Chemist: 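Got a structure for you, written out below as structure tokens; questions coming shortly.
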Amino acid sequence: MAARFNPLEADARWQKLWEDRGTFHASGDGERPRAYVLEMFPYPSGRIHMGHVRNYTMGDVLARYRRMNGFDVLHPMGWDAFGMPAENAAMEKKVHPGEWTRSNIDTMRSQLKRLGFALDWSRELATCDPSYYGHEQALFLDLFEAGLVYRKQSEVNWDPVDMTVLANEQVIDGRGWRSGALVERRKLSQWFLRITAFAEELLDGLGRLDQWPDKVRLMQENWIGRSQGLKFRFELAEPVAGEEGFEVFTTRPDTIFGASFAAISPDHPIALALAEGNQALAAFIDECKQGGTTAAELETAEKKGFDTGARVVHPLDPEWRLPLYVANFVLMDYGTGAIFGCPAHDQRDLDFARKYGLPVTRVVAPSPEEADEPIGDEAYIGPGRLVNSRFLDGLAAEDGIREVIARAEAEGWGEGTTVWRLRDWGVSRQRYWGTPIPIVHCEACGPVAVQRERLPVVLPEDIDFETPGNPLERHPTWSGVDCPDCGGPARRETDTLDTFVDSSWYFIRFASQPADSPFDRAEAERWLPVDQYIGGVEHAILHLLYARFWTRALQRINKLDVEEPFKGLFTQGMVTHVTFQDSEGRWLTPDEAESHSGPVTRGRVEKMSKSKRNTVDPEPIVDQYGADAVRWFMLSDSPPERDLEWSEAGIQGSWRFVQRIWRLAAEQAERGGSSWLGAGDDLALDRKVHRAIAAVGANVEALAFNKAVANLYELTNALEKAPASPTRSRAVEILIRLAAPMVPHLAEEAWTALGREGLIAEAEWPVADPALLVEEEVTIAIQVNGKLRDTLTAPKGAAREVLEEMALASEKVARVLDGKPPRKVIVVPDRLVNLVA
RNA sequence: GCCCCCGUGGCGGAAUGGUAGACGCGCUCGACUCAAAAUCGAGUUCCGCAAGGAGUGCCGGUUCGAGUCCGGCCGGGGGUACCA
């Protein structure tokens, strides 16, 4: 038996065997309990990167562990294959997006296979394949027919030079990335999914996702953003274009007597009507349209307003008039697109009031004496009671809110209501490389669904990327069709679907993939929900919320009885690496930094990215060290939810550990394999082994792989030091089984060398003997005033009095206490004694 | 701007409110070797000869006891609805 484990030879041999035997095919035969383990599928950007390796290694360990524990495991892989990079490649490299994507998939598939992941490749799918997106079109039409899809005007980033829509990512400092032109916001008619109809259940559902990270649930909760408040009507002093008023939403109706202005969004119908006869206002509204559409950009833009000259009537005082402003910070998408401003108790309103010389009236004061304390540069947002508020004076905020809502409802000018921060999901993209939206626009009938038997609506192959914009729109023939309803002339929808639609149901298609429908309901329901989903925390909101919505939407239209798609969620950290720059600030790769002639600055450790040139390609690393050392490194040291720093020293350490396990197994094999005969003659080692079995299992189930790795190091250290014995022989084999999910090639090789039949991938996970997990002695910490002064050993379960007596007998304690008796003694059994002097 | 997370030795990190630094990397010394690699053994938070003291980004609080809980800062990261 070889002294060294040779992964170059062994990896491929075992990978082929697993593939030939179909070891990792999910059977779905119902004989074993099922487990669905899924990692977020990759975008085929070109080559596998370390982030993928980390993600898929974690999922793989869990999948292999579950299999060894007797589960029928579904662990599939596919490709999130539509998206912008393929179109960029088409423009830059003159290659068809489909060709580019499919060639990337081929490269990345073979790279993944070299890592020995226990994947069921028979279920592989790519979202750019009509056999996938055709079913997506059918599901879209199901939602359309159920009234969950509608069309409305919505703003996009418009590049006025390239005459094209830009993604947020393509807007840099307010300018188009290619043309450099100042970006404008422009309205287009687009398709939307009614995710807001599910706002409440998506929020409530979070409470039952107890296997999700708290932070993700919190982020989603804030994103959905339930606000309760008052929706009420402001009457205009003079009607505008026949409108006598408009609706306002506020979460603070208690501060209504502190109102000093009303403000509406630049998109508000009243604003547009007023602009008809007011050139200055029209110019202001135009000005508000500059810049991109992102929330960050809108929020950080200078707060500006324009006094329309119109006045509104205070709802609680017909004599009281408030000026009506158009303000750039009022969003048409939130609430009613109109607010009232209470400067004394809202910082943004205060800044606005100061800027435009509006009155500031305090209506909340921490004490009656401070009722007329003037407001400075800071709005008062602390607690207190209402003042200067007529019939509300003296009430606490919550009571004031209730009182105003009650009065508004009684008098008929408003009502208590709930509004959501969540907006409907705009799915139209003015791009080629996506799922065509299966709708036909007919002049006579309007938008009409494509007939089911005509699906899939397939993307045309003959397209050009010579000019910016959507090639589907300028394709000479593709969009011309007859209306499905009336047979008259019509035009296909040329927008494609947001790629988040593709990733909102792929986990269902993995579970069941018939040719003639999106999925078989019964089979999908047997696998779903996904037991453990693993991916980057960057998807905490959008992807995960959209997938939750899509699943619930299918449930509502009675296509699939699954409430939540992902029972367990784990969000993993990034893979980072040092950066290097030369004297002129140019980024250098680690190799370049080493051979560079001039001075080199070692920069911060950052997320691996092409622009910082600090990426490490996994493939040559696998060539050099083998799959197992790379997998082991991905699991070591850093907790999986945190960032992992790639280092040459780290991979070498992993390589050495792989060889250490191998040496243990090789030495054992030379002694004639593992023996199950004879009594365990090394009780101390037996205890360590069984503690390791329990700890590794618990840590793998908790996805605390770094701790499971530490457990295996400890066990290995103990085994290396232990003298030969039947216990040790058994222990070596147990170590191999415990390590098998992490270093599967080595484990198979060692398993065979030890003379065991069959694959370790199909072997049973060892069972810990509870009797060997019990401790007999414990170390007790002795503290004086919470400060450690001594430690002593006591039998486990020793009585409080015994521990206290032992503590007081300690010389070190006596020295600190200086003869005085303690005032108080705190005993934590099996843990510590704290003497309070 | 807003929402969320993170901050512990030279480095990655461990620690149900109960002995801070498990485990790994690195380093130091030693063994083996003609030598090196590999391997093995010992040591390794800081200050101090020691006794002892200090110590988990900073400031404050709760507690017999705080890395852990609470409040306020500082620094870094993720998301912010058309990157995926």
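In the text below, chain A, chain B and the rest are named by the order of the sequence lines, each starting its count at 1. Scope of the values below: all heavy atoms of this structure, side chains included, with no hydrogens, waters or symmetry mates. In this text, all values refer to a predicted model and were calculated from it rather than measured experimentally.
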Chemist: Find which nucleotide of RNA chain B each of L542(A) and K721(A) is nearest to by heavy atoms, and output the residue with the more 5' nucleotide.
Modeler: K721(A)

Chemist: Closest to the M84(A) side chain: A84(B), U80(B), C64(B)?
Modeler: A84(B)

Chemist: With a cut-off of less than 4.0 Å, is there a side-chain N or O of K787(A) near OP1 or OP2 of A20(B)?
Modeler: no

Chemist: Which part of the nucleic acid, if any, lies within reach of G225(A) when heavy atoms closer than 4.0 Å are counted: base, sugar-phosphate only, or nothing?
Modeler: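 Answer is nothing: G225(A) stays at 4.0 Å or more from every strand.
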
Chemist: Using the P atoms only, state how far G24(B) lies from G30(B), rounded to an integer number of Å.
Modeler: 23 Å

Chemist: Go ahead and name the base partner of U80(B); Watson-Crick or wobble counts if both distances stay under 3.5 Å, otherwise write none.
Modeler: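 Here U80(B) is engaged in a pair, and the nucleotide opposite it is G1(B).
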
Chemist: Find the partner of G52(B): check Watson-Crick (N1-N3 plus N6-O4 or O6-N4) and G-U wobble (N1-O2, O6-N3) distances, both under 3.5 Å, and reply none if neither fits.
Modeler: C47(B)

Chemist: Taking only the side-chain nitrogens and oxygens of N834(A), find out if one of them lies under 4.0 Å from OP1 or OP2 of U19(B).
Modeler: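 Result: no.
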
Chemist: Please classify the nucleic acid contact of V216(A) as base, sugar-phosphate, or nothing, using heavy-atom distances under 4.0 Å.
Modeler: nothing

Chemist: What integer number of Å spans the P atoms of U56(B) and U8(B)?
Modeler: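 Taking atom P in both U56(B) and U8(B), they lie 11 Å apart.
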
Chemist: When rounded to the nearest Å, what value does the distance between C1' atoms of C73(B) and G65(B) take?
Modeler: 26 Å

Chemist: Any idea if G9(B) is syn or anti, going by the 90°-from-0 cut?
Modeler: syn

Chemist: Looking at N222(A), does any N or O in its side chain come under 4.0 Å of the phosphate oxygens OP1/OP2 on C4(B)?
Modeler: yes

Chemist: Please determine, for the side chain of Y713(A), which listed nucleotide (C23(B), A84(B), C83(B)) has the closest atom?
Modeler: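 My answer, after comparing the listed nucleotides, is C23(B).
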
Chemist: Students often get this wrong, so: under 4.0 angstrom with heavy atoms, is I782(A) touching a base, only sugar-phosphate, or nothing?
Modeler: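 The residue I782(A) makes no contact with any strand.
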
Chemist: Between Y132(A) (side chain only) and Y506(A) (backbone N and O only), is there a donor and an acceptor less than 3.5 Å apart?
Modeler: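 Answer holds: yes.
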
Chemist: Looking only at side-chain atoms of L218(A), point me to the closest of C5(B), A81(B), C23(B).
Modeler: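 Nearest to the side chain of L218(A) among the choices is C5(B).
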
Chemist: Need one value for V836(A): base, sugar-phosphate or nothing, where a base atom within 4.0 Å counts as base even if backbone is also close, heavy atoms only.
Modeler: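 Sugar-phosphate contact only - V836(A) comes under 4.0 Å of backbone atoms but never of a base.
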
Chemist: With sugar-phosphate meaning primed atoms plus P, OP1 and OP2, does T499(A) contact a base, only sugar-phosphate, or nothing at under 4.0 Å between heavy atoms?
Modeler: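 Sugar-phosphate contact only.
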
Chemist: Are any side-chain N or O atoms of T496(A) and backbone N or O atoms of R431(A), one a donor and one an acceptor, separated by less than 3.5 Å?
Modeler: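 Yes; at least one donor-acceptor contact below 3.5 Å.
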
Chemist: For a quick test of reading the model, state the closest non-hydrogen atom pair linking M108(A) to P42(A) and the distance between them.
Modeler: CE-CB, 4.5 Å

Chemist: Could you tell me the separation between the NZ atom of K152(A) and the C1' atom of A81(B), rounded to a whole number of Å?
Modeler: 11 Å

Chemist: Using a cut-off of 4.0 Å on non-hydrogen atoms, how would the nucleic acid contact of A649(A) be classed: base, sugar-phosphate, or nothing?
Modeler: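 Sugar-phosphate: the residue A649(A), judged by heavy atoms under 4.0 Å, touches backbone atoms but no base.
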
Chemist: Of all the nucleotides listed (G1(B), G13(B), G78(B)), which has the minimum atom distance to the side chain of V537(A)?
Modeler: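 The closest nucleotide is G78(B).
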
Chemist: Report yes if at least one side-chain N or O of R789(A) is closer than 4.0 Å to OP1 or OP2 of G53(B); otherwise report no.
Modeler: yes

Chemist: Side chain of T791(A), heavy atoms from C-beta onward: which of U19(B), A81(B), G1(B) has the nearest atom to it?
Modeler: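 Taking heavy atoms from C-beta onward, the closest nucleotide is U19(B).
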
Chemist: Please compare S638(A) and N711(A) by the position of their nearest nucleotide in RNA chain B and report the one closer to 5'.
Modeler: S638(A)

Chemist: Below 3.5 Å, does any donor atom in the side chain of Q430(A) face an acceptor in the base of C82(B), or the other way round?
Modeler: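 Checked by distance alone, the answer is yes.
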
Chemist: Rounding to the closest angstrom, what is the interatomic distance between G13(B) and A31(B) at atom P?
Modeler: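 Taking atom P in both G13(B) and A31(B), they lie 36 Å apart.
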
Chemist: G7(B) pairs with which nucleotide, Watson-Crick or G-U wobble, both distances below 3.5 Å?
Modeler: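 Paired with C74(B).
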
Chemist: Could you give the CE-to-P distance, from M574(A) to C83(B), as a whole number of Å?
Modeler: 18 Å

Chemist: Below 6.0 angstrom between ring centroids: does that apply to F657(A) and W662(A)?
Modeler: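 Centroid distance F657(A)-W662(A): not below 6.0 Å, so no.
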
Chemist: Which whole-number value in Å describes the distance from F82(A) CZ to C83(B) P?
Modeler: 17 Å

Chemist: Has R429(A) got a side-chain N or O lying under 4.0 Å from the OP1 or OP2 atom of C82(B)?
Modeler: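 Yes, such a contact exists.
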
Chemist: Out of A15(B), G18(B), U80(B), which has the shortest distance to the side chain of R831(A)?
Modeler: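 Between A15(B), G18(B), U80(B), the one nearest the side chain of R831(A) would be G18(B).
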
Chemist: Any side-chain N or O of R815(A) less than 4.0 Å from the OP1 or OP2 oxygen of G52(B)?
Modeler: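 Yes.
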
Chemist: Looking at the rings of F329(A) and F352(A), which for Trp means the six-membered one, are their centres under 6.0 Å apart?
Modeler: yes

Chemist: May I have the distance from R642(A) (atom CZ) to G13(B) (atom P), rounded to whole angstrom?
Modeler: 5 Å

Chemist: Would you indicate what F657(A) reaches in the nucleic acid, counting non-hydrogen atoms under 4.0 angstrom: base, sugar-phosphate, or nothing?
Modeler: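 Nothing: the residue F657(A), judged by heavy atoms under 4.0 Å, touches no strand.
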
Chemist: Can you find a donor-acceptor N/O pair under 3.5 angstrom joining the side chain of E155(A) to the base of C82(B)?
Modeler: no

Chemist: Is the side chain of R800(A) donor-acceptor paired with the backbone N or O of V827(A) at a distance under 3.5 Å, no angle test?
Modeler: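 Yes: the side chain of R800(A) pairs with the backbone of V827(A).
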
Chemist: Identify whether any heavy atom of S647(A) sits under 4.0 Å from a base atom; if not, whether one sits that close to sugar-phosphate; answer base, sugar-phosphate or nothing.
Modeler: nothing

Chemist: What integer distance in Å separates L166(A):CG from C82(B):P?
Modeler: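 That distance rounds to 14 Å.
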
Chemist: Does T779(A) place a side-chain N or O at less than 4.0 Å from the phosphate oxygens OP1/OP2 of U19(B)?
Modeler: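 Result: no.
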
Chemist: Could you state the CG-P distance from N168(A) to C83(B), rounded to the nearest angstrom?
Modeler: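 It works out to 5 Å between those atoms.
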
Chemist: Taking only the C1' atom of each, what is the distance from C11(B) to G18(B) in whole angstrom?
Modeler: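 Looking at atom C1' only, C11(B) and G18(B) are 29 Å apart.
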
Chemist: Separation of W191(A) atom CH2 from A81(B) atom C1', in whole Å?
Modeler: 20 Å

Chemist: Using a 3.5 Å distance criterion without hydrogens, assess whether the side chain of N55(A) forms a donor-acceptor pair with backbone atoms of G51(A).
Modeler: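 Answer holds: no.
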
Chemist: Roughly how far apart, to the nearest Å, are U39(B) and G17(B) at atom P?
Modeler: 39 Å

Chemist: State whether the distance check finds a donor on one side and an acceptor on the other, under 3.5 Å, for side chain R431(A) versus base C82(B).
Modeler: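 For R431(A), whose side chain was compared with the base of C82(B), there is a donor-acceptor pair (under 3.5 Å).
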
Chemist: NA contact type, P42(A), heavy-atom cut-off 4.0 Å: base, sugar-phosphate, or nothing?
Modeler: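 The residue P42(A) makes no contact with any strand.
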
Chemist: Please give the distance between the P atoms of G10(B) and C47(B) as a whole number of Å.
Modeler: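 Nearest-Å result for G10(B) against C47(B) at atom P: 9 Å.
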
Chemist: Among C23(B), U19(B), G79(B), which is the nearest nucleotide to the side chain of Q783(A)?
Modeler: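 For Q783(A), the side-chain atoms sit closest to U19(B).
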
Chemist: Strictly by Watson-Crick or wobble contacts shorter than 3.5 Å, is anything paired with A66(B), and which nucleotide is it?
Modeler: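 WC or wobble partner does not exist here.
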
Chemist: Between E493(A) (side chain) and D495(A) (backbone), is there a donor-acceptor pair under 3.5 Å?
Modeler: yes

Chemist: Using the C1' atom as the point on both nucleotides, what is the distance between G55(B) and U45(B), in whole Å?
Modeler: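 About 8 Å, rounded to a whole number of Å.
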
Chemist: Using atom CG of D214(A) as one end and atom C1' of C69(B) as the other, report the distance to the nearest whole Å.
Modeler: 15 Å

Chemist: Under the 3.5 angstrom rule, does the side chain of Q659(A) hit a backbone N or O of F5(A) as a donor-acceptor pair?
Modeler: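 Yes.
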
Chemist: Please classify the nucleic acid contact of V709(A) as base, sugar-phosphate, or nothing, using heavy-atom distances under 4.0 Å.
Modeler: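 No contact.
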
Chemist: For W425(A), report the nucleic acid contact type (base, sugar-phosphate, nothing); a contact means any heavy atom under 4.0 Å.
Modeler: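 The residue W425(A) makes no contact with any strand.
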
Chemist: Report yes if at least one side-chain N or O of R656(A) is closer than 4.0 Å to OP1 or OP2 of G26(B); otherwise report no.
Modeler: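 Yes.
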
Chemist: Using a 4.0 Å heavy-atom cut-off across all strands, classify G650(A) as base, sugar-phosphate, or nothing.
Modeler: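 Answer is nothing: G650(A) stays at 4.0 Å or more from every strand.
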
Chemist: Look at the side chain of D159(A) and the backbone N and O of D162(A), then say whether any donor-acceptor pair between them is shorter than 3.5 Å.
Modeler: yes

